[in-house]
Amino acid sequence: MPRARGTASINLSILLSVSLLAAPIWGNSDLGSGTVVFAERAHIGTAAASVGTTVFAGDKLDTEQVRGSLQIRAGAARLALAASSRLVWGVEGRSPSATLTGGTAAFSTAGAKAFVLHAGKASFRPRGDEPTVANVTLLNPKELVVRCSRGAVLIAVEDDVRVIPEGTAYRVVLDPEAAGRLGGAPAAAAQGWWGQNQKRRAGKSNFIWYAIGFTALVTAFAVSEALESPDRP
């Protein structure tokens with residue numbers, strides 16, 4: 001299961017990375033709304049999602065376990081929801097946002113304020129205006145995995161903000177007190193050390209993270225899905 005989740009996450013990142021380069025940026029007339037650009041075995045509320053449907057703040061989205069997939073474009077951002085995943089669409093300031101409540105979501109942006117993804121107590125956003133692609137898998141309300149395949153992403157838990165550089169992946173524990181109880185967690189993480197060999201600052205850390213392997217797995221399926229049809233912006 002972990003291998004399958006990792007492969008799905010990487011495929012989502014590749015798909016979004018290609019689409020970010022190939023697709024034009026569309027605006028939305030409604031602040032924070034999004035438009036479904038691809039849907040397979042996905043739902044908005046209790047209704048089946050379909051291409052062209054507008055997604056508004058408060059809408060609940062989910063994908064089925066088998067072959068479920070959903071992609072949404074919102075201004076300069078695009079979000080893809082993997083199979084067996086769910087989220088709530090929202091708006092933060094003037095930016096579209098989403099709260100991941102289960103599974104895996106990937107996002108690509110072309111602007112620092114283009115999109116915000118929440119998962120548990122953490123929020124993720126692009127660090128700057130360069131093209132950025134990242135994905136987040138919510139393991140449980142207090143643990144997640146984040147991968148950044150392009151650009152750099154900021155992770156914030158309250159006032160604790162750190163940078164996830166391009167080509168890196170981290171397992172994040174949102175409850176530092178539980179870090180020592182993680183099965184298989186490196187001893188350094190349990191003792192209060194976090195990514196890139198940087199020591200946790202006393203009184204400033206609201207989460208603990210540690211680096212995990214990042215595999216740049218390019219599959220023919222992911223690339224062909226992104227390029228096979230001009231109807232998939």
Side-chain angles (χ1 to χ4, degrees), residues 9-39 42 44 49-61 63 69-82 85-100 103-119 122-137 146-156 161-168 222-223 225-233:
S9 298
I10 293 165
N11 287 351
L12 278 176
S13 293
I14 296 168
L15 178 62
L16 287 176
S17 184
V18 174
S19 66
L20 186 65
L21 294 174
I25 296 175
W26 297 344
N28 288 299
S29 57
D30 296 286
L31 181 64
S33 65
T35 302
V36 175
V37 294
F38 177 78
I44 301 176
S50 59
V51 174
T53 301
T54 301
V55 179
F56 299 99
D59 283 345
K60 297 180 179 180
L61 294 75
T63 53
S69 181
L70 183 67
Q71 295 180 36
I72 299 171
R73 179 172 290 280
R78 181 163 177 159
L79 179 137
L81 198 60
S85 300
R86 55 192 182 277
L87 60 77
V88 179
W89 194 258
V91 60
E92 187 165 316
R94 299 186 63 84
S95 301
S97 69
T99 299
L100 184 65
T104 298
F107 65 90
S108 64
T109 71
K113 298 181 179 180
F115 185 75
V116 182
L117 178 66
H118 297 274
S123 64
F124 302 86
R125 67 183 73 228
R127 182 179 62 174
D129 290 330
E130 71 274 16
T132 302
V133 181
N135 66 66
V136 176
T137 298
V146 54
R147 298 175 175 85
C148 182
S149 56
R150 187 171 185 187
V153 172
L154 296 178
I155 174 175
V161 182
R162 306 175 197 172
V163 177
I164 302 171
E166 181 176 307
T168 61
V223 175
E225 283 290 293
L227 298 179
E228 69 178 6
S229 171
D231 295 330
R232 293 187 181 180

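Values below: all heavy atoms of this structure, side chains included; hydrogens, waters and symmetry mates excluded.
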Between [X] and [Y], what is the shortest heavy-atom contact and its length?
| X | Y | answer |
| --- | --- | --- |
| Ala74 | Gly34 | CB-CA, 4.0 Å |
| Cys148 | Val153 | SG-CG2, 3.8 Å |
| Ser123 | Val116 | CB-CG1, 4.2 Å |
| Ser97 | Val91 | OG-N, 3.3 Å |
| Pro126 | Thr132 | CB-OG1, 3.8 Å |
| Ala112 | Asp129 | N-OD1, 2.7 Å |

Val36 and Leu61: CA distance, side-chain angles, deciding distance, side-chain contact (heavy atoms from CB on, under 4.5 Å) verdict
CA-CA 11 Å; Val36 175; Leu61 294 75; 5.6 Å; no
Just how far is it from atom [atom1] of [X] to atom [atom2] of [Y], taken to the nearest 0.5 Å?
| X | Y | atom1 | atom2 | result |
| --- | --- | --- | --- | --- |
| Thr53 | Asp59 | OG1 | CG | 10.0 Å |
| Arg147 | Thr168 | CZ | OG1 | 11.0 Å |
| Phe107 | Ile72 | CZ | CD1 | 14.0 Å |

Would you find a donor on one side and an acceptor on the other, under 3.5 Å apart, between the side chain of [X] and the backbone of [Y]?
| X | Y | value |
| --- | --- | --- |
| Thr137 | Asn135 | no |
| Trp89 | Pro96 | no |
| Glu166 | Gly151 | yes |
| Thr99 | His118 | no |
| Ser85 | Thr63 | no |

Could you check Val163 against Leu154 for side-chain contact (heavy atoms from CB on, under 4.5 Å), going step by step and ending with a plain yes or no?
CA-CA 5 Å; Val163 177; Leu154 296 178; 3.6 Å; yes
List for me each residue that meets side chain to side chain contact (heavy atoms under 4.5 Å, CB included) alongside Ala114, sequence neighbours excluded, and say none if there are none.
Ala76, Ala77, Thr109
Set of side chain to side chain contact (heavy atoms under 4.5 Å, CB included) partners for Ala122, sequence neighbours left out
Phe124, Leu144, Ile155, Val157, Leu174
Quick one: do Val88 and Lys60 satisfy side-chain contact (heavy atoms from CB on, under 4.5 Å)? Show the steps, please.
CA-CA 5 Å; Val88 179; Lys60 297 180 179 180; 4.1 Å; yes
Pairing residues for Glu92 by the salt bridge (charged side-chain N to carboxylate O under 4.0 Å, His left out) criterion, not counting sequence neighbours
Arg125
